[in-house]
Amino acid sequence: MSYKPPTRAQIEEWQGLDVYLQFRQACPNIPVVFCAPKGYADRYPWKTGDRLLYMGDVHGMGGHGVYADKNGRIWWGYHTDNFYMEPDEDENE
């Protein structure tokens with residue numbers, strides 16, 4: 001089965017990474033989906049719907065994370081409120 005990126009509307013229904021982290025500090029290695037802020041899509045290295053791995057917060061910069069893309073490239077300093085947690089398939093049933 002091939003991966004079909006979710007739409008912005010679908011992503012915005014999911015739990016935001018920033019909300020999740022408010023209740024669970026130091027939760028590394030969480031698969032997330034990127035959703036560019038409206039009007040700023042061209043300023044990010046990913047497209048809305050791209051999957052990344054959240055690896056943890058940047059020390060001393062609350063609300064900013066470290067991410068790995070599918071090629072293993074590491075990115076840091078991006079706001080956690082632009083990432084969402086894709087629900088488990090069990091939760092969709």
So, do [X] and [Y] sit near enough that their side-chain heavy atoms are less than 4.5 Å apart?
| X | Y | value |
| --- | --- | --- |
| D81 | L17 | no |
| L52 | W46 | yes |
| C35 | N82 | no |
| H64 | T80 | no |
| K70 | D50 | no |

message: Between Q10 and T7 (side chain of the first, backbone of the second, donor and acceptor by atom type, cut-off under 3.5 Å), is there such a pair?
response: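 Checking the backbone N and O of T7 against the side chain of Q10, a donor-acceptor pair under 3.5 Å is found.
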- prompt: Distance-only, no hydrogens or angles: does the T48 side chain make a donor-acceptor pair with backbone N or O of A36 under 3.5 Å?
  reply: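 Yes; judged by distance alone, with no hydrogens or angles, the pair exists.
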field: Donor on one side chain, acceptor on other, D69 and W75, under 3.5 Å
entry: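 Result is yes, a qualifying pair exists.
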query: Stepwise, does the side chain to side chain contact (heavy atoms under 4.5 Å, CB included) test hold for I30 with M85?
result: CA-CA 8 Å; I30 300 171; M85 297 171 51; 4.2 Å; yes
Shortest non-hydrogen contact from P37 toward R8: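 Minimum heavy-atom separation between P37 and R8: C-NH2, 4.1 Å.
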field: Sole candidate of Y44, F34, Y54 that passes side chain to side chain contact (heavy atoms under 4.5 Å, CB included) when paired with Y78
entry: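 Looking at Y44, F34, Y54, the match for Y78 under the side chain to side chain contact (heavy atoms under 4.5 Å, CB included) is Y44.
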